[in-house]
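Notes follow once the structure below has been shown.
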Amino acid sequence: MHVLVLGGTAQARRLAGLLVAALGAGDRVTSSLAGRVEGPRLPPGEVRVGGFGGADGLAAWLRTHQVDALIDATHPFAGTISFHAAAAAADAHVPLLALRRAGWVPGDGDDWHPVASLAGAAEVLPSLGARVFLTTGRTGLAAFAGLDALWFLSRSVQAPEPPYPARMEVLLDRGPFTEDGERELIRRHRIDVVVTKDSGGAATAPKLAAAREAGLPVVVVRRPPVPAGVEVVATPEQAVARLRALLGGGA
């Protein structure tokens, strides 16, 4: 048996480890990483790095490497690859699961402002604050490039490339983060509004608690939809159990 995991997330690494432990000695688990991050944390099993050349290229790879099941465990905002995976799985007649951790839910005291896109976030920002903690990653900063009246603290794993806001400080860091650390960061940089994508998970959630405690508004970019007809599970354990069922107990 050969399982291909489209990865790059902490959940994908855990899933690969569970699959390697669950499958037999002659079975294969291959994790595919996009290659956009330098020095990624590698999962157990085999690893390939780089794109496939679109849905057709992925379908050809599935056939050539005799893949029995495909699991899309990419970031919730990596929308393009998810649609390529759906098309490729259908073309190659390979079962497909999407692993998506649960999104965040606002609680008492939260001042959230949901938007559909980074462009939508840029539209509402001027009415919410002047010193912005931008935690949406190094891509997409062009959406905020025209907001010259605002100051940005942008946190990402790697340095961003222009275009990006003229008044911006870059903080290179990788989660998980702590509430104490996020609280101090907000205080030190005098942040008055936070922007985040609804990526879910515990690793980057402390910023939400720190913002709530400080009474700050949070602009939350909603997730893009999972392709229609694709079955979604929330945890790596659920993915392994569902894969067993799909493949008749072989996983």
Query raised in the report: With a 4.5 Å heavy-atom cut-off, do Q66 and H2 have their side chains touching?
Result: no
Report task. Could you tell me which non-hydrogen atom of Q11 sits nearest to which non-hydrogen atom of A234, and how far apart they are? Result -> NE2-O, 3.0 Å
Query - For the student: nearest non-hydrogen atoms of L208 and D110, plus distance - result: O-OD1, 4.2 Å
Report summary line: When rounded to the nearest 0.5 Å, the distance separating CD of E231 from CZ of R242 is 4.0 Å
Query raised in the report: Rounded to the nearest 0.5 Å, how far apart are CD1 of I191 and CG of L216?
Result: 8.5 Å
Query raised in the report: Does T136 reach the main-chain N or O of L141 with its side chain, forming a donor-acceptor pair under 3.5 Å?
Result: no
Report task. Please report the closest heavy-atom contact between K207 and T196, naming both atoms and the distance. Result -> NZ-OG1, 2.9 Å
Query raised in the report: Can L118 be reached from F133 by stepping across I, L, V, M, F, W or Y side chains whose heavy atoms are under 4.5 Å apart?
Result: no
Query raised in the report: If we only count heavy atoms from C-beta on, is the L19 to L243 side-chain gap below 4.5 Å?
Result: yes
Query raised in the report: Do S156 side-chain atoms and A159 backbone N/O form a donor-acceptor pair below 3.5 Å?
Result: no
Query raised in the report: Under 3.5 Å, side chain of R131 to main-chain N/O of H189, donor-acceptor pair present?
Result: yes
Query - Residues E179, R212: salt bridge by 4.0 Å N-O rule - result: no
Query raised in the report: OG1/T30 to CG/L70 distance, rounded to the nearest 0.5 angstrom?
Result: 11.0 Å
Query - Polar side-chain atom of R167 near backbone of F152 as donor-acceptor pair, under 3.5 Å - result: no
Requested in this report: Following the transitive rule for hydrophobic clusters with a side-chain heavy-atom cut-off under 4.5 Å over Ile, Leu, Val, Met, Phe, Trp and Tyr, establish whether V29 and V49 coincide in one cluster.
Outcome: no
Query raised in the report: Does the side chain of R183 reach to within under 4.5 Å of the side chain of P206, using non-hydrogen atoms?
Result: no
**Report entry** F52 CZ to S32 OG distance, which is reported to the nearest 0.5 Å
**Finding:** 3.5 Å
Query raised in the report: Side chains of T204 and W104: does their closest heavy-atom pair fall under 4.5 Å?
Result: yes
Report task. May I ask you to decide if S199's main-chain N or O and R101's side chain share a donor-acceptor pair within less than 3.5 Å? Result -> yes
Requested in this report: Check whether any side-chain N or O of R48 sits under 3.5 Å from a backbone N or O of G51 as a donor-acceptor pair, and report yes or no.
Outcome: yes
**Report entry** Check: T74 side chain, G7 main-chain N or O, donor-acceptor pair, under 3.5 Å
**Finding:** no
Query raised in the report: Are any non-hydrogen side-chain atoms of H65 and E46 less than 4.5 angstrom apart?
Result: no
Query raised in the report: Judged by atom type as modelled, is there a donor-acceptor pair below 3.5 Å linking the side chain of S127 to the main-chain atoms of V124?
Result: yes
Query raised in the report: Do Y164 and R138 have side chains that get closer than 4.5 Å, going by heavy atoms?
Result: no
**Report entry** Heavy-atom check, side chain of L246 versus side chain of L97, under 4.5 Å
**Finding:** yes
Query raised in the report: What's the shortest heavy-atom distance between A88 and L62, and which atoms?
Result: O-CD1, 3.9 Å
**Report entry** Minimum heavy-atom distance G129-V193, with the two atoms named
**Finding:** CA-CG1, 4.1 Å
Donor-acceptor pairs under 3.5 Å, side chain of residues 75-85 to any protein atom, not counting sequence neighbours: which ones?
residue: H75; atom: ND1; partner: F77; partner atom: N; Å: 3.0
residue: S82; atom: OG; partner: D72; partner atom: OD2; Å: 2.7
residue: S82; atom: OG; partner: R100; partner atom: NH2; Å: 2.6

Query raised in the report: Looking at CD of Q158 and CZ of R174, how far apart are the two atoms once the value is rounded to the nearest 0.5 Å?
Result: 8.0 Å
Query raised in the report: Once you round to the nearest 0.5 Å, how far does OG1 of T9 lie from CZ of R14?
Result: 12.5 Å
Query raised in the report: Can you list the steps and then say if R155 with L185 is a side-chain contact (heavy atoms from CB on, under 4.5 Å)?
Result: CA-CA 11 Å; R155 182 168 66 193; L185 187 149; 4.1 Å; yes
Requested in this report: State, with a plain yes or no, whether a side-chain heavy atom of M168 is found less than 4.5 Å away from one of F144.
Outcome: no
Query raised in the report: Is there a donor-acceptor contact under 3.5 Å from the side chain of R190 to the main chain of D192?
Result: no
Query raised in the report: Taking a hydrophobic cluster as the set of Ile, Leu, Val, Met, Phe, Trp and Tyr residues connected by side-chain heavy atoms closer than 4.5 Å, whether directly or through intermediates, do V170 and L147 fall within one such cluster?
Result: yes
**Report entry** Minimum heavy-atom distance D68-L247, with the two atoms named
**Finding:** O-CD2, 3.9 Å
Query raised in the report: In the single-linkage hydrophobic clustering (I, L, V, M, F, W, Y; side-chain heavy atoms under 4.5 Å), do L172 and V195 co-cluster?
Result: yes
**Report entry** Donor-acceptor contact present, side-chain D198 to main-chain R223, <3.5 Å
**Finding:** no
Requested in this report: Give the cluster check for L42 versus L4: same hydrophobic cluster or not, with ILVMFWY residues linked at side-chain heavy-atom distances below 4.5 Å.
Outcome: no
